[in-house]
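Structure record follows, encoded as structure tokens.
Order of listing sets the numbers, starting from 1, for every ligand and every atom in it. Sequential numbering from 1 along the given sequence is applied to the chain's residues.
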Amino acid sequence: MKIERPAPQTIAYFSMEVALESPLPTYSGGLGVLAGDMLRSAADMRLSMVGVTLLHRKGYFLQRLDDEGRQSEEPAAWPVDQFLQLTDSTCQVEIEGRQVTVRAWQYLITGASGAVVPVFLLDTDLPSNDPYDRTLTDYLYGGDQRYRLCQEVILGVGGVRVLRAMGYTRVFRFHMNEGHAALLALELFAEEFKQMPQRREDAVDAVKRLCVFTTHTPLPAGHDQFSLDLTEHVLSGNQWEALQALGCCNGSLNMTRVGLRLSNYVNGVTKRHSEVSRTLFPDLAIGSITNGVHSATWAAPAFRALYDRYTPAWREDSLLLRYALGIPLDAIRQAHDDAKQLLIKEVNRTASAPFDPHAFTIGFARRATSYKRPDLLFYDSERLRRISVQHGPLQVIFSGKAHPRDEEGKALIQHIFRRAKELAPEVKVAYLPNYDMDLGLLLTSGADLWLNTPQPPYEASGTSGMKAAHNGVPSLSVLDGWWLEVPVEGVTGWSIGSRDNGTVFERRDDRDAEELYWKLEGTILPLYYGDPLKWAELMRFTIALNASFFNTDRMIHEYVTHAYRDR
Ligand SMILES: *Cc1c(COP(=O)(O)O)cnc(C)c1O
């Protein structure tokens with residue numbers, strides 16, 4: 001394996017997490033999968049791009065669930081040198097007054113076109129470093145505020161310096177995927193300021209021309225923030241001064257503010273999320289580029305074969321999935337049956353009562369946290385039981401980790417376990433541990449219906465429904481995030497709630513649950529069991545309309561057009 005050398009006009013994409021391959025625990029969820037999908041599409045499209053992230057030697061965590069759904073966590077150590085190649089480039093960063101050496105491992109993504117996108121994973125586990133500093137690239141989203149801020153120095157400042165050491169001296173754009181990477185802009189500012197110390201605003205303008213910032217949460221509390229005491233303690237004197245001079249230390253250090261202040265192009269990840277972000281930051285122009293998923297990664301093997309046959313060249317251009325309209329319905333049904341068999345087999349390896357491959361199967365997998373409302377389906381379990389008996393049968397498969405410190409999220413998993421026991425045998429419910437990309441593919445391709453019930457407007461985008469669409473699986477989803485951009489009811493799925501609750505935060509579980517049950521019993525189950533041909537047509541529309549648009553090829557075209565262009 002060779003070390004990739006820099007090309008002119010390279011775009012450097014920085015992200016705290018990147019999902020490279022399912023078993024490498026360098027990601028926790030949507031943000032990391034998006035980063036991986038973005039880089040995979042860049043390789044398909046021959047875009048000159050490099051990824052920068054941390055190594056995460058001990059991963060996010062391994063999830064254990066006991067019989068009552070209590071989650072416990074274990075480190076997810078992995079054999080780094082079996083998957084990555086060590087580069088000879090290093091740099092130093094100052095953390096809490098100590099000099100920390102950072103080295104980089106390389107992972108190569110080869111696209112459908114044969115082009116390669118390298119990803120550099122930063123590592124501080126070197127004998128010359130202080131014992132605390134050696135742990136800083138161990139855990140993704142682990143540790144306390146101090147640990148997190150030190151990690152962000154390594155990612156942002158160390159990332160820029162390592163790229164420079166590798167010869168990436170003329171990077172065309174630096175893209176910050178969420179605020180965790182924002183300190184890269186501070187390092188670029190230091191580079192510019194050194195050259196023109198009298199002209200701070202000119203240095204700022206030079207940095208802004210280079211930087212692109214993408215925000216991923218509509219929640220004010222979702223933005224990374226650090227106390228000023230901690231900031232002053234961790235950062236170098238020059239960095240601390242620069243942050244103050246730039247006006248980024250208003251009561252606390254808000255990483256989103258840093259990213260926004262030092263970027264010329266800022267975007268949210270769906271139209272609605274961008275609207276909400278504009279209300280959070282009314283003084284800024286916030287663009288909108290809707291997320292996507294990498295088509296070849298998220299189509300199940302049976303569907304890949306189908307697309308290879310009926311929409312050739314789709315791996316290089318996902319737009320061609322539009323022509324899925326010409327795939328015979330029988331072939332789609334057969335491919336879905338194959339995907340469903342694989343899922344049911346996986347569930348039945350551990351399920352106490354075997355799942356039925358012919359029963360209507362609902363899939364729900366995402367981070368277990370309050371605003372995602374994974375238990376909305378059980379708002380009235382007796383009603384759900386009646387629906388299954390009268391219109392079913394139906395069975396449900398869940399998956400998802402709760403963040404180790406999210407007690408509410410952990411309680412939600414236990415709640416689902418309790419409901420599962422109550423609802424048996426009329427409604428079978430399974431919860432698969434250790435949600436990862438492999439499970440994600442099994443679930444989004446093997447379910448008959450993909451359920452999504454977030455509390456609007458908290459779901460910035462959501463991407464698992466896009467994966468389902470790549471396998472012809474329709475969604476039943478609350479109108480939030482990407483689903484607001486899917487206009488036609490009954491053609492690629494069904495909606496819950498209204499389009500115009502706008503940017504207001506209001507909990508409405510009772511009404512949303514009512515609508516969920518009403519659509520299940522009145523429309524969805526009768527269609528599934530009563531009119532299989534019509535259902536297959538719906539699957540075909542789901543691919544042709546949604547997969548052809550909600551993919552990272554289209555997304556990258558938008559970044560190139562709006563964010564990376566000269567300005
Ligand atoms: C796609 C994916 C996610 C994100 O799904 P959302 O619908 O955006 O919540 C999280 N985790 C894994 C493992 C995934 O594959």
Side-chain angles (χ1 to χ4, degrees), residues 15-38 40 59-63 76 140-141 177-178 214 216-219 222 268-270 272-273 290-300 343 346 362-374 397-403 406 409 412 432-447 449-471 473 475-478 480-486 493 546-547 550-552 555:
S15 180
M16 184 57 92
E17 46 173 315
V18 181
L20 298 167
E21 287 179 30
S22 191
L24 308 195
T26 56
Y27 62 99
S28 88
L31 188 74
V33 173
L34 181 82
D37 282 359
M38 170 106 172
R40 283 182 276 276
Y60 183 45
F61 64 86
L62 272 174
Q63 178 192 48
L140 173 60
Y141 306 141
N177 189 38
E178 191 52 293
T214 302
H216 287 266
T217 171
L219 270 180
V269 289
T270 55
R272 172 59 57 85
H273 173 233
T290 298
N291 280 345
V293 299
H294 182 248
S295 301
T297 300
W298 294 108
L343 172 62
E346 175 63 24
I362 297 177
F364 186 106
R366 33 188 74 76
R367 182 156 51 93
T369 196
S370 169
Y371 84 81
K372 302 253 193 189
R373 296 191 295 182
I397 307 173
F398 285 93
S399 192
K401 295 174 176 179
H403 186 278
D406 182 357
L412 279 169
L432 304 177
N434 281 310
Y435 184 35
D436 62 6
M437 285 175 83
D438 282 345
L439 255 187
L441 181 57
L442 271 182
L443 277 157
T444 54
S445 60
L449 180 74
W450 196 249
L451 181 67
N452 182 39
T453 51
Q455 168 64 47
Y458 289 78
E459 186 73 301
S461 164
T463 51
S464 55
M466 302 175 185
K467 299 168 190 168
H470 276 78
N471 297 286
V473 174
S475 287
L476 170 57
S477 173
V478 164
D480 198 15
W482 78 287
W483 194 244
L484 278 160
E485 296 171 33
V486 177
N546 292 352
F550 294 100
N551 59 68
T552 36
M555 184 182 89

Looking at [X], which atoms of ligand 1 are within less than 4.0 Å of one of its heavy atoms?
X: Arg366; result: 7 (O), 9 (O)
X: Asp436; result: 13 (C)
X: Lys372; result: 9 (O)

Identity and separation of the nearest protein heavy atom to [atom]:
atom: atom 7 (O) of ligand 1; result: Ser464 OG, 2.5 Å
atom: atom 8 (O) of ligand 1; result: Thr463 N, 2.9 Å
atom: atom 4 (C) of ligand 1; result: Gly30 CA, 3.4 Å

Just by distance, with hydrogens left out, do Asn452 and Ser477 show a side-chain donor and acceptor under 3.5 Å apart? yes
For the residue pair Ser295 / His470, report whether a side-chain donor-acceptor contact shorter than 3.5 Å exists. yes
Checking side chain to side chain donor-acceptor pair (under 3.5 Å) for the pair Tyr141/Glu17: CA distance, chi angles, key distance, verdict? CA-CA 9 Å; Tyr141 306 141; Glu17 46 173 315; 2.7 Å; yes
Geometric N/O contact Glu459 with ligand 1, under 3.5 angstrom: no
Tell me the closest heavy-atom pair linking Met555 and Leu34, and the distance in Å. SD-CD1, 4.0 Å
If hydrogens are left out, which of Tyr435, Phe364, Tyr27 has an atom nearest to atom 11 (N) of ligand 1, that is, the closest non-hydrogen atom? Tyr435
Counting heavy atoms only, name the option from Lys467, Met437, Lys401 that's nearest to atom 15 (O) of ligand 1. Lys467
Using the test salt bridge (charged side-chain N to carboxylate O under 4.0 Å, His left out), find all partners of Arg40 that sit at least two apart in sequence or belong to another chain. Asp37
Mark yes or no: Lys401 above the aromatic ring of Phe61, with NZ or CZ under 6.0 Å from the six-membered ring centre and no more than 45 degrees from the axis. yes
Where does [X] meet ligand 1, judged by heavy-atom distances below 4.0 Å: at the side chain, the backbone, both, or neither?
X: Arg367; answer: neither
X: Trp298; answer: side chain
X: Leu439; answer: neither

Side-chain contact test, heavy atoms from C-beta onward, threshold under 4.5 Å: evaluate it for Thr26 versus Leu140 and give yes or no. no
Which residue is it: His273, Arg272, Lys372? I am looking for the one with a side chain to side chain donor-acceptor pair (under 3.5 Å) to Glu459. Lys372
